[in-house]
Amino acid sequence: MRLDLSLYLITDPALCEDRGLVETVVAAVRGGVTVVQLRDKQASDTELIDQARRLKAALSDTGVPLLINDRLEVALAASADGLHLGQDDGDVAEARAALGPEAILGLSVQTHAQMACLDPTALDYLGLGPVFATPSKHDHAEPLGFDGLAALVAESPLPCVAIGGLKAEHVAATQRAGAHGLAVISAICGTPDPERAARAFAGPPGR
Ligand code: TZP
Ligand code: MG
């Protein structure tokens, strides 16, 4: 499946609660989201597999890939399009071997040391951040700012998506830093109109 990192939505169960997970994601995809990552630290594997299957069915006609955060077994059981791993979430080579060559595999990178020791042949993209401090992730690393982001992107052998406190107003600065896209939780999930919130990342109509 083609990977377009332009607008990468990460789900948050609390922020999607009112509207429902599937409805929130479908609306956001109508608004222009190009990748969806299912992220829920509290759900059991069984619950997450069920959510992933429902999301996969809802996205089936859109060409938008569904990735699973952290949990290889869930990605496999739900036939998701891929997996996103943090630095402590398991071995990239093992995940690639289990998922196969066609799956999308991403890795979070926060530092130059992490960038220097990753294996680009096993990965499709990197998530770089946080750009800004954010309440959406507990214990996140020191924020990079756009200069720090640009310095990491410059060393990356793979396409990069920036993350952490990003809003529609940050699209231009993120592109100037060299990232291929923005990954967001609250700027889309935490809004009353996820479709409209996603659309804002494409800029004003007619631009
Ligand atoms: N990883 C680094 S920051 C972050 C994750 C999962 C949370 C991003 O959420 P938000 O609401 O877009 O700042
Ligand atoms: Mg993780």
Side-chain angles (χ1 to χ4, degrees), residues 1-12 15-16 19 21 23-39 55 59 62-67 69 81-82 84 86 104-112 114-115 123-137 140-207:
M1 195 174 252
R2 208 175 85 80
L3 180 61
D4 172 358
L5 294 171
S6 323
L7 186 53
Y8 182 128
L9 176 70
I10 303 174
T11 63
D12 177 294
L15 295 181
C16 294
R19 184 178 290 263
L21 177 72
E23 206 188 307
T24 302
V25 168
V26 167
V29 167
R30 270 199 311 271
V33 159
T34 57
V35 182
V36 174
Q37 181 195 122
L38 176 61
R39 179 177 186 267
L55 276 180
L59 293 174
T62 66
V64 170
L66 174 67
L67 313 184
N69 179 268
D81 301 297
H84 184 90
I104 298 167
L105 184 55
L107 178 70
S108 297
V109 169
Q110 292 96 24
T111 68
H112 293 273
Q114 291 166 355
M115 185 69 81
L123 290 161
D124 296 291
Y125 76 94
L126 304 178
L128 306 184
V131 179
F132 300 118
T134 172
S136 300
K137 182 178 170 74
H140 62 65
E142 188 66 22
L144 296 165
F146 286 114
D147 288 346
L149 174 66
L152 272 184
V153 171
E155 291 179 0
S156 175
L158 291 164
C160 298
V161 63
I163 187 166
L166 296 175
K167 316 269 177 248
E169 72 213 51
H170 299 124
V171 170
T174 304
Q175 287 172 346
R176 275 197 300 274
H180 288 69
L182 290 79
V184 304
I185 299 178
S186 52
I188 293 180
C189 288
T191 67
D193 186 343
E195 178 175 348
R196 189 187 164 126
R199 228 175 268 293
F201 283 80
R207 191 178 64 169

For the atom pair [atom1] ([X]) and [atom2] ([Y]), what is the distance rounded to the nearest 0.5 Å?
{"X": "Leu128", "Y": "Leu158", "atom1": "CG", "atom2": "CG", "answer": "10.0 Å"}
{"X": "Ser186", "Y": "Leu15", "atom1": "OG", "atom2": "CG", "answer": "6.5 Å"}
{"X": "Gln175", "Y": "His170", "atom1": "CD", "atom2": "NE2", "answer": "13.0 Å"}
{"X": "Lys137", "Y": "Ser108", "atom1": "NZ", "atom2": "OG", "answer": "6.5 Å"}
{"X": "Thr191", "Y": "Lys167", "atom1": "OG1", "atom2": "NZ", "answer": "10.5 Å"}

Testing the basics here: between [X] and [Y], what is the closest heavy-atom pair and its distance to 0.1 Å?
{"X": "Leu123", "Y": "Gly106", "answer": "CD2-C, 4.0 Å"}
{"X": "Pro143", "Y": "Val131", "answer": "CB-O, 3.5 Å"}
{"X": "Thr111", "Y": "Val109", "answer": "O-CG1, 3.6 Å"}
{"X": "Ala162", "Y": "Leu149", "answer": "CB-CD2, 3.7 Å"}
{"X": "His84", "Y": "Gly127", "answer": "CE1-N, 4.3 Å"}

Using modelled atom types only, decide if a donor and an acceptor are shared between the side chain of [X] and the backbone of [Y] within a distance under 3.5 Å.
{"X": "His140", "Y": "Thr134", "value": "yes"}
{"X": "Asp124", "Y": "Leu105", "value": "yes"}
{"X": "Thr34", "Y": "Leu7", "value": "yes"}
{"X": "Arg30", "Y": "Arg199", "value": "no"}

Can you tell if the side chain of [X] reaches within under 4.5 Å of the side chain of [Y], non-hydrogen atoms only?
{"X": "Ile10", "Y": "Asn69", "result": "no"}
{"X": "Val35", "Y": "Leu67", "result": "yes"}
{"X": "Arg39", "Y": "Ile185", "result": "yes"}
{"X": "Leu126", "Y": "Met115", "result": "yes"}
{"X": "Leu152", "Y": "His112", "result": "yes"}
{"X": "Thr174", "Y": "Phe201", "result": "no"}
{"X": "Leu9", "Y": "Val29", "result": "no"}
{"X": "Pro65", "Y": "Arg2", "result": "no"}

Inset, instruction - Just say parallel, tilted or perpendicular for the rings of Phe146 and Phe132, cut-offs at 30° and 60°. - result: perpendicular
Inset, instruction - Show your reasoning for whether side-chain contact (heavy atoms from CB on, under 4.5 Å) applies to Thr24 and Thr11. - result: CA-CA 9 Å; Thr24 302; Thr11 63; over 6 Å; no
